[in-house]
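Before any comments, here is the structure.
Letters A, B, ... mirror the listed sequences (proteins, then strands); counts begin at 1.
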Amino acid sequence: MNKQVICIVCPKGCKVLVSEENGVYTTTGNACNRGNIYGIQEAIEPKRMLTSTVKINGALHQRCPVVSSGPIKKELIMEALKVLETISLSAPVTIEQIICHNICDSGVDILVSRTMGKTNDL
Amino acid sequence: MKQNKVIIIGGGSAGLACAIALREKGIQDILLLEKENELGGILNQCIHNGFGLHMYKKEYTGPMYAQHHIDRFMELQIPYIIDATVLDISEDKIVTVSEPKGIYSIQAEVIVLAMGARERTRGNIQIPGDRCVGVWTAGNAQKYLNMDGYLVGKRIFILGSGDIGLIMARRLSLAKAKVVGVAEIMPYSNGLTRNIVQCLHDFDIPLYLSHTITQIKGDGRVEGITLCQVDENRQPMFETAKHFGVDTVLLSVGLIPDNVLSEKAKVSLDLKTKGPLVDSELMTSTPGIFACGNVLHIHDLVDHVSMEGILVASSIIKYFEDQDSLDLIPVKSKGFLNYVLPQSINPKSDTVLLKYRVSKPMTKGFLRIICNDQVLLKIPKVDLHPSEMQSFNLTKVILDKINSNVIVELSDE
């Protein structure tokens, strides 16, 4: 199996070719070892941080920004967003408060990424 | 008249960082004025992560980064007013503000310009066609979606491949809008590689390099666009025209420092950066008025904005200690450089952080610091890109050799 990956570790943007033979992964085209680690991870199981918003009542804005506690499998992202659509928060919320544990069995939690007070407290 | 020692205009990352650093250095009498209904500035709508890698070694989201600043600002109990629009600044540093308690003037000893930037609009780039609803700047669409929960369209074309445009391509895709394509007039992308990969490739969004929108069509609402390839002079080649049916066009075509107020205070502006001309203390042509952040020049990374705010705080302390003005040494750029900041060196500066942008992508180049026809420094550089601000620190040893006009040159040999 061969997979072409553009490395995003630094601004250089190396085109890394990841090859697999009998379960052993090798990379070519990367200028450094960080490209090797990134390329193999990207070929085996790409992961992304998830940021979005959820509905909030009683705050200065209609939406509250959220972030995943770590990178989540790329294939689970759309499913995770569906879960977030069902969540409705009430102000106040505090930064890093967990609003969803282990979303889609990914092992990753969803946290609010800012404090939002109640509008009448402002 | 009400008086304040330091008035900071703008409560985004530059203004907050400057206020915090000033208070930490013992300046008590500070007033920060913010026109929005909360502190934090543009970071509040940038909900994606990747902020703070340099200063905090973390990948905060925009709101988290802002909160970091805001929490410290509140802890220090620095006075501020929100919903406060500054109407005027005079040369003798009288600030006129309109806020919920009324309209009044304040005499400042020092003013910090930290108003940030505005987006370039359809008017700025003059796209021909119908004047229909559905043409938005990317940042505006971002604010509507991330703060108000309002999605601007269902089938979207994005003009401009700067980072805001790319981030919005992903954000809109996650919000289940269809992003049909992103066009860039230059033959290279203006965004970071990671954003090309994670925002376009991840969602199979095509990037059309050397292309631009030549027509927007729509009766009432946008119905479609015409996309053309451009030649090496960036002129559209109409025989390459392609049509796309979309209901929305997003523009990510650059930011302009917001210097309406600076001009009222007779602060001289640089035609290249569109920000104030500053010396190495980041003081403008009007003594006692300083500038930092996007109002000074457009930044790629918020950490650099915060650091500029902190540098201004140090300069203000020096200014209060000693207001004698020394002759400034002009700094000029030459070769493949779009601009160099600061535009002059103040002999009081112990070190000078030169910031510059290249005018074309270069895999390698040489930066030269030249004074009196003598090359004081020659620094090899690799992987230079116009979308990435570069910097170089001039140490005391080099500054001691500088006594007249400095030329900063970038060449390929």
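Listed here is the closest heavy atom pair of Thr51(A) and Arg171(B): O-NH1, 4.5 Å.
Contacts of Cys7(A) with chain B are made by backbone atoms alone, with heavy-atom separations under 4.5 Å and no side-chain atom involved. Proximity to chain A (any heavy atom under 4.5 Å) is restricted, for Ser173(B), to the backbone atoms N, CA, C and O. Using a 4.5 Å cut-off between heavy atoms, Ile6(A) contacts chain B through both its backbone and its side chain. Contact of Ile56(A) with chain B is not made at all, since no heavy-atom distance falls under 4.5 Å. Neither the backbone nor the side chain of Arg170(B) comes within less than 4.5 Å of any heavy atom in chain A.
Residues from residues 100-107 of chain A never place a non-hydrogen atom less than 4.5 Å from a non-hydrogen atom of chain B.
The OG1 atom of Thr115(A) sits 9.0 Å away from atom CD1 of Ile70(B), with the distance rounded to the nearest 0.5 Å. Note that NZ of Lys82(A) and NZ of Lys176(B) are 6.5 Å apart. Values are rounded to the nearest 0.5 Å. Met147(B) contributes atom CE, which lies 11.0 Å from atom OG1 of Thr53(A) (distance to the nearest 0.5 angstrom). Atom OG of Ser68(A) sits about 7.5 Å away from atom CG of Asn49(B), to the nearest 0.5 Å. Considering NE2 of His48(B) and OG of Ser113(A), their distance stands at 11.0 Å, rounded to 0.5 Å. Interatomic distance, CG of Leu145(B) versus CZ of Arg63(A), reported as 8.0 Å (0.5 Å rounding).
Pairs of residues two or more places apart, or lying in two chains, that qualify as salt bridge (charged side-chain N to carboxylate O under 4.0 Å, His left out) and include a residue from residues 32-50 of chain B are Arg114(A)-Glu38(B), Glu36(B)-Lys143(B).
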Under 3.5 Å, side-chain donor or acceptor atoms of residues 196-205 of chain B against the rest of the protein: list the pairs with distances, not counting sequence neighbours.
from      : atom 1 : to       : atom 2 : distance (Å)
Asp202(B) : OD1    : Arg48(A) : NH2    : 3.0
Asp202(B) : OD1    : Lys74(A) : NZ     : 3.1
Asp202(B) : OD2    : Arg48(A) : NE     : 2.6
Asp202(B) : OD2    : Arg48(A) : NH2    : 3.3

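Surrounding OH of Tyr144(B) are at most 12 heavy atoms belonging to other residues, nucleotides or ligands under 6.0 Å away.
Shown here are the ring pair (Phe, Tyr, Trp, His ring centres under 6.0 Å) partners of Phe73(B), two or more places apart in sequence or in another chain: Tyr80(B).
Of all the listed residues (Ile47(B), Asp148(B), Asn37(B), Asn44(B)), the one sharing the greatest number of non-hydrogen pairs under 4.5 Å with chain A is Ile47(B).
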